[in-house]
Protein chains: 2
Amino acid sequence: MSEDLSTEAGDDEVTLGRIETEVAMLMRLGEATRRRTGAEHRVLDRAAYVILRHLADAGPQNVSALATRLNLDGSTVTRQVSAMQRDGLIVREPDPHDGRGMVVSPTPAGLQRMAAVQAARTRLYGDILAGWAPEDRATLADMLHRLNDALEHRPR
Amino acid sequence: MSEDLSTEAGDDEVTLGRIETEVAMLMRLGEATRRRTGAEHRVLDRAAYVILRHLADAGPQNVSALATRLNLDGSTVTRQVSAMQRDGLIVREPDPHDGRGMVVSPTPAGLQRMAAVQAARTRLYGDILAGWAPEDRATLADMLHRLNDALEHRPR
DNA sequence: CAGATTAGCTGTATCTTACAGGTAGTTCTC
DNA sequence: GAGAACTACCTGTAAGATACAGCTAATCTG
């Protein structure tokens, strides 16, 4: 609408449409894949896996920090963390620096299960991308990373 | 495990891990983005949008075909389609070739709303990818497409 | 110190989905 | 062409993930 540099603008519009389509499709396929994968992927539900990944990466932290980082409501994380504590995946301890807060840390069992799921998922992607050239895989990884970065810093 | 060309194999392992991480993150960010987007994205819920997209693309078809295509249980699609019918987005007519089946077709109103959501989403991606070079956008679109293709034809 | 803010939890509601079971129509087999 | 096997769809029910509102306790600010 605003610009009309003959081919250029139109092409880019088409590309955006393609990206929109493919992301929507990926969401759907990703969900379906998750639902259909074997038991080794489900020793941890999705939330627990992501939380453990984050704790392993960024260190012990409180529920609010997790919620912010994961784009989830605090109450959601509270419940997920409670379930994980029940299952022995994390421990919750009072924050020594803030009497209101609880610091969440992974347990060895949690880290071990996370590693198992991660290995299974990596294997799964190895299967899925079996025919790909290494440089294409690298390009995919780069592009996904940049897309996530853009999504995270999206203008609101 | 099987091969060990010193650097090569290890690099690829790392790349698979990155892809795994980025896809997981994209799922989470995509959900969060969807939840936080404005009303113009939500005149259609996610299911209705994808169903309309598919009907517009592939033509009227029955519930089972939709379910297979969308990787969803038939009962799920039945309910989604019922809701869409109630909202005037699609019509359901007995399949002339199969007395058991119902053919689902988009209504003009459904197509119109789909187009509106599509436009809003395309605009959103335009914002998100505002700083990107056109060729990077094209690469992203290609890679996503290839990934989806690989996921769809994944060995089971 | 009083009021405002923050961290976390609980109650409740919604949305999306799956699985199990039922009915009606279709195809296959002999 | 009659019965068995299958398929398409629907309904009942249940589970999981999440948000929002409201609560308590602790902390920060002026």
Side-chain angles (χ1 to χ4, degrees), chain A residues 24 27-39 41-52 60-87 89-105, chain B residues 24 27-39 41-51 60-87 90-105:
Chain A
M27 303 279 291
R28 219 140 244 291
L29 285 172
E31 289 278 317
T33 302
R34 186 176 63 84
R35 279 195 300 271
R36 279 164 184 55
T37 43
H41 294 76
R42 269 181 307 216
V43 271
L44 293 178
D45 58 25
R46 181 176 44 162
Y49 178 63
V50 180
I51 288 173
L52 283 169
Q61 56 200 277
N62 61 30
V63 174
S64 303
L66 274 174
T68 305
R69 202 60 176 61
L70 303 174
N71 275 299
L72 291 174
D73 191 85
S75 67
T76 301
V77 176
T78 292
R79 276 178 248 268
Q80 288 171 344
V81 161
S82 299
M84 292 172 73
Q85 183 174 40
R86 169 178 39 80
D87 298 342
L89 303 174
I90 54 99
V91 290
R92 249 187 306 197
E93 288 160 322
D95 187 336
H97 304 306
D98 187 338
R100 297 165 300 180
M102 301 292 284
V103 175
V104 180
S105 313
Chain B
M27 302 280 292
R28 219 138 246 292
L29 284 172
E31 288 279 317
T33 302
R34 187 176 62 84
R35 278 195 300 271
R36 279 164 184 55
T37 43
H41 295 76
R42 269 181 307 216
V43 271
L44 294 178
D45 58 25
R46 179 176 45 162
Y49 178 62
V50 180
I51 287 173
Q61 55 201 277
N62 62 30
V63 174
S64 304
L66 275 175
T68 305
R69 202 61 178 59
L70 303 174
N71 275 298
L72 291 174
D73 191 83
S75 66
T76 301
V77 176
T78 292
R79 274 178 250 268
Q80 287 172 343
V81 162
S82 299
M84 291 171 73
Q85 184 174 40
R86 169 177 40 81
D87 298 343
I90 54 100
V91 290
R92 249 188 305 196
E93 289 160 320
D95 187 337
H97 303 307
D98 187 337
R100 297 165 299 181
M102 301 293 284
V103 176
V104 181
S105 313

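Just the heavy atoms: all of them, side chains too, but no hydrogens, waters or symmetry mates, feed the values below. Chain letters run A, B, ... following the sequence lines, proteins first, then strands; residues in each count from 1.
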Problem set entry | Minimum-distance nucleotide to A:N62 side chain [options: C:dA7, D:dC10, D:dC20] | C:dA7
Exercise. Any side-chain N or O of A:Q80 less than 4.0 Å from the OP1 or OP2 oxygen of D:dT18?
Worked result: yes
Problem set entry | Rounded distance in Å - CG (A:L70) to C1' (D:dA19) | 15 Å
Problem set entry | Short side-chain N/O contact to D:dA17 OP1/OP2 from A:T76, under 4.0 Å | no
For this session: Would you mind reading off the distance between B:D73 atom CG and D:dC10 atom P, rounded to a whole angstrom?
Result: 12 Å
Exercise. Mind checking whether A:Q80 and A:I51 have side chains closer than 4.5 Å, heavy atoms only?
Worked result: yes
Problem set entry | N/O donor-acceptor pair, side chain B:S75 with base D:dC9, under 3.5 angstrom | no
Exercise. Is there a side-chain polar atom (N or O) of B:R79 under 4.0 Å from OP1 or OP2 of D:dT13?
Worked result: no
Seminar exercise, completed: Nearest-nucleotide check on DNA chain C, A:R28 vs A:V103; residue mapping nearer the 5' end is A:V103
Exercise. Could you state the interatomic distance from CD (A:E31) to CG (B:N71), rounded to the nearest 0.5 Å?
Worked result: 11.0 Å
Exercise. Once you round it to whole Å, what is the distance between C1' of D:dC20 and CG of A:L72?
Worked result: 14 Å
Exercise. Taking the side chain as C-beta and beyond, is there a heavy-atom pair between A:S64 and A:L66 under 4.5 Å?
Worked result: no
For this session: Return the value, rounded to whole Å, for the distance between atom NE2 of A:H97 and atom P of D:dA26.
Result: 18 Å
For this session: Scan side-chain atoms only and decide if A:S75 and A:D73 contain a donor-acceptor pair under the 3.5 Å cut-off.
Result: yes
Exercise. Under 4.0 angstrom, heavy atoms only, what part of the nucleic acid is A:E31 near: base, sugar-phosphate, or nothing?
Worked result: nothing
Exercise. Please give, in whole Å, the distance from C:dT16 P to B:Y49 OH?
Worked result: 16 Å
Exercise. Between C:dC9, C:dA18, D:dC9, which nucleotide gets closest to the side-chain atoms of B:M102?
Worked result: D:dC9
Exercise. Which heavy-atom pair separates B:T78 from B:R92 by the least distance, and what is that distance?
Worked result: O-NH1, 4.2 Å
For this session: Figure out the CD1/C1' separation between B:I90 and D:dC9, and round it to whole Å.
Result: 14 Å
Exercise. C:dT27 P sits how many Å from B:D95 CG, rounded?
Worked result: 11 Å
Exercise. Heavy atoms under 4.0 Å, any strand shown: does B:G74 hit a base, just sugar-phosphate, or nothing?
Worked result: nothing
Exercise. To the nearest Å, how far apart are B:I51 CD1 and C:dC15 C1'?
Worked result: 14 Å
Seminar exercise, completed: Considering only heavy side-chain atoms of B:S64, the closest of D:dC9, C:dT17, C:dA7 is D:dC9
Exercise. In terms of the nearest nucleotide of DNA chain C, which residue is placed more toward the 5' end: A:T78 or A:R100?
Worked result: A:R100
For this session: With heavy atoms under 4.0 Å as the rule, sort B:D98 into base, sugar-phosphate or nothing.
Result: sugar-phosphate
